[in-house]
2 protein chains.
Amino acid sequence: MSVTTLHRPTHRDALEALSAAFERGEMVTVFGRCTVEYDGRAASSLGAGDRLLILKPDGTALVHTDEQRTPVNWQPPGSEHRVAVRDGRLRVRSERESPAETLDVRFERVHQLSALPVTGGRAVDVHGSEEDLRQRILQNPDLVEPGFEPAATERETAAGPVDVFGHDDEGRPVVVELKRRRVGPDAAGQLGRYVEALDREVPDGAEVRGMLVAPSVTDRARELLAEKGLSFVSLAPAAADDGGVAGAASTASDADEA
Amino acid sequence: MSVTTLHRPTHRDALEALSAAFERGEMVTVFGRCTVEYDGRAASSLGAGDRLLILKPDGTALVHTDEQRTPVNWQPPGSEHRVAVRDGRLRVRSERESPAETLDVRFERVHQLSALPVTGGRAVDVHGSEEDLRQRILQNPDLVEPGFEPAATERETAAGPVDVFGHDDEGRPVVVELKRRRVGPDAAGQLGRYVEALDREVPDGAEVRGMLVAPSVTDRARELLAEKGLSFVSLAPAAADDGGVAGAASTASDADEA
DNA sequence: GGATGCATTTCGATA
DNA sequence: TATCGAAGTGCATCC
């Protein structure tokens, strides 16, 4: 089993090759001059030009130009690809329902078409996520604050699940919100919502404390935290020399870094 | 000028073809059995398997498997691609600074390599964005509320720029936050921050009203809006029969749709 | 299927 | 360059 490639195929030959590749569950690339129309959650139109179309067996469609990481047009997994020759053009239509959306790629000319038999692992191992930061804290709660004792993760509240819930050295309830990178105003708002929600749920008079744990904060976020009486702790998912991931660690309760 | 393709090239031939393609500013696809290592904002590792590597002349690198819309690994535009043969493997390294990150793709075997000369438009025309929603409201402010009079867009506040600022039929200041799709708690928080900020800036006693304009809201967002005394108006970027974009329009101040 | 929040989010606009 | 917010965000998870 190997790569099948057609150079400057007729539309009819391209159609047959595409159908055969779909049948075999292969990934397909089509490079050629085309227009692209999308209609669904929004609507878009793209004039003629040379682009690379990638069709995956899971229903994903990607249209790439020679710039940007993001495809200029696409269709999510779960869509259905169909091919036809109409008005002298090779039309590839990718469609899905719920939400209803359609991607139409019309090739005036196909420069190259390849069917790629893909095998092998897809599972990528990522380090330095928010989950790693949580593990780090559960292993060493003093990083949040001396005497901090975690009680639960993903604790449910009316405002949603709290990353880490616990108590400080005086027994006061503490809500910890984790972010793997520098945070803006949204994170401060999120933490505020959690604290407010728990303030109502916790019966006894003890006030709920809120702590944002992240590598750093923006000025505006810092102001918001101050207004709401929330704290910030500078901490990254992994120490710089502990996993190759950039980011310094510090436990000063009101220090951060640019 | 046309597509250059190599089938099962030697690593040395692949290296030469890649270098030549970079030189010519062409986009390149490499399909083969490889491992991938990433290190930068996070870190990741991917075992051996067949994948499609796309290298763009703007410095973008994408590694795609046969599933998902999102590449399994990537490097953003502005990175620099380099090629080498080491330890019997073809190594493609894509690197950038600020933030420092590196993507390493090591091919044990290259099934196919293509250099694609890309030309033509890249500008896609998208309809149904938040900007369209704003235009719709400026054209017909009554859609927000009878008597609403827009005064400024992107009005600056201490909490950031407000989508639309204006006054109601009684002269009270109104902050309008627009969303092109169904909104959750974050949008309610965002609007709340703007209203609070303006409440301080506006000197006279008139209380600032906040209105969230979107196709619909989630329950929790609705509760948050109620708590903060903010209103909701159901409105989509375009009427369903007005631009092919899904979404109904309605001006009921406290109605929405599932 | 909807809701919620993380993401190597990406991306553009702005100060 | 950093900040901020939009995006056809994508995506997993939990209900």
Side-chain angles (χ1 to χ4, degrees), chain A residues 38-44 60 67-78 96 98-103 124 126-131 133-134 154 156-157 159-163 177-187 190 193-194 216-221 237 245-247 258, chain B residues 38-44 60-61 63 67-79 96 98-103 124 126-131 133-134 154 156 159-163 177-187 190 193-194 216-221 237 245-247 258:
Chain A
Y38 162 75
D39 194 12
R41 287 171 291 173
S44 79
T60 303
E67 288 185 346
Q68 301 287 62
R69 204 214 78 139
T70 305
V72 68
N73 274 117
W74 69 91
Q75 196 73 333
R96 76 158 175 170
S98 170
E101 43 187 358
T102 308
L103 182 73
V124 63
V126 183
H127 308 282
S129 62
E130 185 181 294
E131 173 60 25
L133 179 53
R134 173 170 25 184
E154 300 294 319
E156 275 302 333
T157 73
V162 163
D163 284 341
E177 171 64 27
L178 308 174
K179 293 294 170 191
R180 65 173 300 281
R181 61 176 212 173
R182 185 171 176 85
V183 296
D186 51 340
Q190 193 183 349
R193 295 203 300 275
Y194 293 153
S216 59
V217 272
T218 66
D219 288 349
R220 194 123 68 187
V245 178
Chain B
Y38 161 75
D39 193 12
R41 287 171 290 174
S44 79
T60 303
V63 181
E67 287 185 347
Q68 300 287 64
R69 203 212 78 138
T70 305
V72 67
N73 275 117
W74 69 91
Q75 194 74 333
S79 308
R96 75 159 176 169
S98 167
E101 44 188 357
T102 308
L103 182 73
V124 63
V126 182
H127 308 282
S129 61
E130 184 181 295
E131 174 59 23
L133 179 53
R134 170 169 27 181
E154 300 295 318
E156 275 303 335
V162 163
D163 284 340
E177 172 63 27
L178 308 174
K179 292 294 171 192
R180 66 171 300 282
R181 61 178 212 174
R182 186 173 176 83
V183 296
D186 51 341
Q190 194 183 346
R193 295 202 300 275
Y194 293 152
S216 58
V217 273
T218 65
D219 288 348
R220 203 174 280 174
V245 179

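The basis for the numbers below is simple: all heavy atoms, side chains too, and nothing from hydrogens, waters or symmetry mates. Each chain gets a letter, A, B and so on, in the order the sequences are listed, and its residues count up from 1. Not measured: the values here are computed from a predicted model.
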Spacing between [X] atom [atom1] and [N] atom [atom2], to the nearest angstrom:
X: Leu133(A); N: dC6(C); atom1: CG; atom2: P; answer: 12 Å
X: Asp163(B); N: dG5(D); atom1: CG; atom2: P; answer: 10 Å
X: Lys179(B); N: dT4(C); atom1: NZ; atom2: C1'; answer: 15 Å
X: Tyr38(B); N: dT9(C); atom1: OH; atom2: C1'; answer: 11 Å
X: Gln190(B); N: dG5(D); atom1: CD; atom2: C1'; answer: 7 Å
X: Arg182(A); N: dC6(C); atom1: CZ; atom2: P; answer: 18 Å
X: Glu154(B); N: dT3(D); atom1: CD; atom2: C1'; answer: 14 Å

Handout entry: Nearest-neighbour nucleotide for the Arg180(B) side chain, dT4(C), dT9(D), dT3(D) considered
Key =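 So the nucleotide nearest the side chain must be dT9(D).
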Problem - Residue Tyr194(A), side-chain heavy atoms: nucleotide from dA6(D), dG5(C), dC6(C) that is nearest - result: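 From the listed options, dG5(C) comes nearest.
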Handout entry: Check: Asn73(A) side chain, dG8(D) base, donor-acceptor under 3.5 Å
Key =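 Such a pair is found, so the answer is yes.
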Problem - base_contact_polar (dG8(D) base, Gln75(A) side chain, donor-acceptor, <3.5 Å) - result: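 Such a pair exists between side chain and base.
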Practice task
Ignoring hydrogens and angles, state whether a donor on the side chain of Arg182(A) or Ser216(A) is under 3.5 Å from an acceptor on the partner side chain.
Solution key: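 A pair is found: one side chain offers a donor N or O, the other an acceptor, under 3.5 Å apart.
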Handout entry: Side-chain donor or acceptor of Arg180(A) paired with backbone N/O of Leu133(A) under 3.5 Å
Key =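 Judged by distance alone, no pair lies under 3.5 Å.
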Problem - For Ala42(A) against His127(B), the heavy-atom pair lying closest together - result: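 Between these two residues, the closest heavy atoms are CB-O, 3.1 Å.
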Exercise for the section: Search all heavy atoms of Arg69(B) against all heavy atoms of Thr60(A) and return the closest pair with its distance. Expected result: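 So the two residues come closest at CA-CG2, 3.6 Å.
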Practice task
Look at all strands and tell whether Ala159(A) reaches a base, only sugar-phosphate, or nothing, counting heavy atoms closer than 4.0 Å.
Solution key: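 It contacts sugar-phosphate atoms only.
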Exercise for the section: Tell me what Glu177(A) touches on the nucleic acid: a base, only sugar-phosphate, or nothing, going by heavy atoms under 4.0 Å. Expected result: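 Sugar-phosphate contact only - Glu177(A) comes under 4.0 Å of backbone atoms but never of a base.
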Handout entry: N or O in side chain of Thr218(A) less than 4.0 angstrom from dC4(D) OP1/OP2
Key =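 True: Thr218(A) side-chain N/O within range (under 4.0 Å) of dC4(D) OP1/OP2.
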Exercise for the section: State whether Ser129(B) places a side-chain N or O below 4.0 Å from either non-bridging phosphate oxygen (OP1 or OP2) of dA6(D). Expected result: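 No.
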Practice task
Return the set of residues passing salt bridge (charged side-chain N to carboxylate O under 4.0 Å, His left out) with Glu67(A) (not counting sequence neighbours), or none when no residue passes.
Solution key: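 Partners of Glu67(A) by the salt bridge (charged side-chain N to carboxylate O under 4.0 Å, His left out) criterion, ordered by chain and then number, come out as Arg122(B).
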Problem - Summary of protein contacts for nucleotides 10-15 of chain C, nucleotide by nucleotide, where a base hit scores B, a sugar-phosphate-only hit scores S (4.0 Å, heavy atoms) - result: SSS---
Practice task
Report yes if some heavy atom in the side chain of Pro237(B) is under 4.5 Å from a heavy atom in the side chain of Glu130(B); otherwise report no.
Solution key: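 The answer is no; the side chains never approach within 4.5 Å.
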Exercise for the section: Specify the residue among Val72(B) and Asp219(B) whose closest nucleotide of DNA chain C lies further upstream toward the 5′ end. Expected result: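 The 5'-side residue here is Asp219(B).
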Exercise for the section: Could you check Gly184(A) against Val126(B) and say which one's nearest nucleotide on DNA chain D is further toward the 5' end? Expected result: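 Going by which nucleotide is closer to the 5' end, it is Gly184(A).
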Exercise for the section: Hey, which sits more toward the 5' end of DNA chain D by its nearest nucleotide, Pro185(A) or Glu131(B)? Expected result: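 Here Pro185(A) is the residue nearer the 5' end.
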Problem - Arg96(A) side, atom CZ; Gln75(A) side, atom CD - distance, nearest 0.5 Å - result: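 It comes to 6.5 Å.
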Measuring only the [atom1] atom in each nucleotide, how far is [N] from [M]? A whole number of Å is fine.
N: dA7(C); M: dG5(D); atom1: C1'; value: 16 Å
N: dG8(D); M: dC4(D); atom1: P; value: 22 Å
N: dT4(C); M: dT8(C); atom1: P; value: 23 Å

Exercise for the section: Give the C-alpha distance, both sets of side-chain angles, the deciding distance and a yes or no for salt bridge (charged side-chain N to carboxylate O under 4.0 Å, His left out) between Arg193(B) and Glu177(B). Expected result: CA-CA 11 Å; Arg193(B) 295 202 300 275; Glu177(B) 172 63 27; over 6 Å; no
